[in-house]
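Structure record follows, encoded as structure tokens.
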Amino acid sequence: MTAETYQELHKLNAENVLHPMSMPAFDNENPMFMKGGKGVHVWDSDDNQYLDGLGGLWCVNVGYGRKEVLDAMRDQMDQLAYYNTFGDMCNLPSTRLAAKIIEMLRPEGMSKVFFTSGGSDSIDSSIKLARQFWRLNGKPTKTSLISLKDGYHGVHMGGISLIGIPAFRDPYGPVLPGCYQIDNPFLYRNPWTEDPEELGQICADLLDRKIAYLGADNVAAFIAEPIQGAGGVIVPPENYWPLIRKVCDKHDVLLIADEVVTGFGRSGSMFGVRGWGVAADIMCFAKGISSGYVPLGATVINERIADSFAKPSPNGMIAHGLTYSGHPLACAAGIAALDVVVKENLHINAGEVGAYCKEKFMPLVDRHEHLGEVRGKGLMLALDLVTDKATRTPVNPAEGYSDMLSAHCQQNGVLIRSVGPKIILSPPLTFTNENVNQLVEAIDQSLTDTKYPT
Ligand SMILES: Cc1ncc(COP(=O)(O)O)c(C=O)c1O
């Protein structure tokens with residue numbers, strides 16, 4: 001396609017597309033047209049090549065243009081591109097993918113997969129299944145939900161009722177009643193302690209007290225990301241998740257792990273909560289499940305919950321389903337993508353390359369005035385930008401510093417993501433140490449060259 005045609009497309013885009021997570025008044029001026037991708041690189045309409053530090057959007061875990069995934073999709077399209085899975089309908093890829101996921105989650109005792117079209121669907125499905133589970137068990141008052149400050153759980157009405165980032169909730173209220181947020185275990189910024197163990201205990205106690213205050217008979221579930229992603233890649237202390245599991249057990253409250261980002265390898269273990277030896281009752285997936293090749297998500301329930309639905313009951317109908325639940329094409333892509341993850345041990349690569357990446361970033365914290373902290377686990381990392389290292393005051397996103405850093409990197413062939421006062425990194429899990437060197441060098445240079453706005 002010629003440059004001229006792309007100019008026309010820019011105009012068409014500005015005239016017709018309402019972009020997600022955008023400021024329509026500004027963001028359409030100079031869109032970046034993505035044209036191609038291979039491995040860990042993408043190309044724009046001017047054939048500029050970029051190292052993709054975003055993995056699309058935390059999702060292209062196996063990298064771009066994988067033949068295994070594309071062949072599986074082509075084969076499935078030739079067979080059957082779509083049929084529904086409502087009631088007793090089924091198809092080959094969704095059946096095989098469900099069996100594969102349950103096999104992978106054997107250590108966690110997971111039992112049944114409910115397919116969705118993405119992460120927000122998976123979250124709202126988990127809320128509905130959790131509430132219905134308690135109804136089926138004669139406890140219809142157990143409906144309240146507790147989540148964490150800085151948590152991100154998608155954009156449907158259930159998800160934004162749980163979200164702990166007000167910017168995503170405030171324009172769309174009122175949200176669901178009965179949803180409560182408690183403080184998250186954020187070592188870099190909390191009012192209590194610098195000691196991780198102590199912080200883990202304090203934050204687990206907060207959940208214990210919140211459930212006691214609301215009354216365990218009123219609480220359906222606690223939901224959290226194993227590592228909070230969009231909130232700033234907040235890695236909890238080692239003791240946090242095991243303690244949270246204990247608190248949930250003590251009060252018979254379900255534990256929902258939002259594994260939309262962490263699921264299938266990103267955090268360095270195959271599943272986020274597995275990294276802490278914890279089994280949730282419900283797990284929500286999307287993104288890495290199909291490596292972003294086709295929209296797909298899943299809500300997975302453990303044996304206890306599945307057993308309740310298996311018993312004949314007048315209230316046992318799952319009155320919840322999506323046209324694209326178990327979409328054959330998406331599930332065929334999912335099987336092939338997960339095969340690559342397993343065969344190439346990408347979760348292990350994520351752990352090793354992620355550790356190397358963190359190590360390479362550490363000297364930058366000493367050298368750059370506004371880089372407060374680099375944190376993360378596996379191939380999910382965040383750079384925390386501050387105005388003052390002593391007070392750890394975040395930069396004001398409205399001043400555009402993180403956007404300037406990301407634009408600078410883009411000019412140097414590296415894509416990173418500015419989210420408020422942070423830079424977030426979530427590259428494909430096929431990333432190598434060499435890719436890390438290029439990424440860190442570009443960010444180092446951008447921190448040197450970009451003047452802090454005054
Ligand atoms: C932790 C988490 N949960 C849920 C979602 C929502 O997923 P989706 O955008 O596929 O609806 C996201 C998206 O980034 C996420 O990071």
Side-chain angles (χ1 to χ4, degrees), residues 19-22 53-61 114-130 145 147-165 167-169 172 175 179 181 184 186 221-236 241 255-267 271-273 275 280 282-300 322-325 327 330 333-334 337 376-382 417-420 422 424-429:
H19 285 260
M21 301 293 179
S22 71
L54 279 68
L57 194 58
W58 320 86
C59 58
V60 187
N61 290 3
F114 180 91
F115 284 113
T116 72
S117 309
S120 302
D121 288 350
S122 300
I123 297 299
D124 277 44
S125 299
S126 76
I127 296 173
K128 290 171 83 173
L129 291 173
L145 301 155
S147 57
L148 291 181
K149 193 176 143 194
D150 288 327
Y152 184 82
H153 301 291
V155 294
H156 292 345
M157 283 313 285
I160 65 161
S161 308
L162 303 172
I163 254 175
I165 308 171
F168 297 115
R169 188 180 51 224
Y172 306 108
V175 295
C179 293
Q181 271 102 42
N184 51 342
F186 189 6
F222 170 71
I223 179 167
E225 300 150 86
I227 296 163
Q228 294 186 295
V233 189
I234 298 167
V235 185
W241 273 90
L255 177 56
I256 304 177
D258 179 348
E259 295 259 3
V260 167
V261 167
T262 48
F264 305 108
R266 180 156 296 283
S267 69
F271 301 101
V273 281
I282 302 181
M283 298 170 88
C284 301
F285 298 106
K287 297 193 187 270
I289 194 174
S290 61
S291 268
Y293 278 68
V294 199
L296 179 65
T299 303
V300 182
L322 301 150
T323 299
Y324 300 131
S325 289
H327 194 292
K377 189 165 187 269
L379 280 172
M380 49 192 302
L381 293 111
R417 184 162 169 239
S418 66
V419 179
K422 290 150 302 217
I424 284 185
L425 302 168
S426 57
L429 308 190

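Keep in mind the model is a prediction, meaning the values are calculated, not measured. Counting starts at 1 for both ligands and their atoms, following the listed order.
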Which residue and atom name correspond to the protein heavy atom nearest atom 16 (O) of ligand 1, and how close is it?
Val261 CG2, 3.3 Å
Could you grab the distance from atom CG of Leu57 to atom OG of Ser426, nearest 0.5 Å is fine?
7.0 Å
Taking atom types as modelled, is there a side-chain donor on Asp124 or His156 under 3.5 Å from an acceptor on the other?
no
Report yes if His153 has an N/O atom closer than 3.5 Å to an N/O atom of ligand 1; otherwise report no.
no
Return a yes/no value for Ala286: is any of its N or O atoms, backbone included, closer than 3.5 angstrom to an N or O of ligand 1?
no
of all protein heavy atoms, closest to atom 3 (N) of ligand 1 is Asp258 OD2, 2.7 Å
Taking a cutoff of less than 4.0 Å between a non-hydrogen atom of the residue and any ligand atom, is Lys287 in contact with ligand 1?
yes
On the 0 to 90° scale, with breaks at 30° and 60°, tag the Phe222-Trp241 ring pair as parallel, tilted or perpendicular.
tilted
Identify the closest protein heavy atom to atom 10 (O) of ligand 1: which residue and atom is it, and at what distance?
Gly119 N, 2.9 Å
Which of the atoms of ligand 1 are close to Glu225, meaning less than 4.0 Å from one of its heavy atoms?
1 (C)
Distance from Ile123 atom CD1 to Met157 atom CE, nearest 0.5 Å?
15.0 Å
Search all heavy atoms of Phe114 against all heavy atoms of Leu129 and return the closest pair with its distance.
CB-CD1, 4.5 Å
Which residue and atom name correspond to the protein heavy atom nearest atom 15 (C) of ligand 1, and how close is it?
Tyr152 CD2, 3.5 Å
Pick from Pro427, Pro226, Cys59: which one makes a side-chain contact (heavy atoms from CB on, under 4.5 Å) with Arg266?
Pro427
Look at atom 4 (C) of ligand 1 and say which protein heavy atom is nearest, naming residue and atom and giving the distance to 0.1 Å.
Gly154 N, 3.5 Å
Counting heavy atoms not belonging to Phe186, are there more than 12 under 6.0 Å from its CZ?
yes
Would Ser122 and Thr116 count as having a side-chain donor-acceptor pair, cut-off 3.5 Å?
yes
Short N or O distance, Asp121 and ligand 1, threshold 3.5 Å exclusive
no
In this structure, atom 9 (O) of ligand 1 is nearest to the protein heavy atom Ser120 OG, 4.3 Å
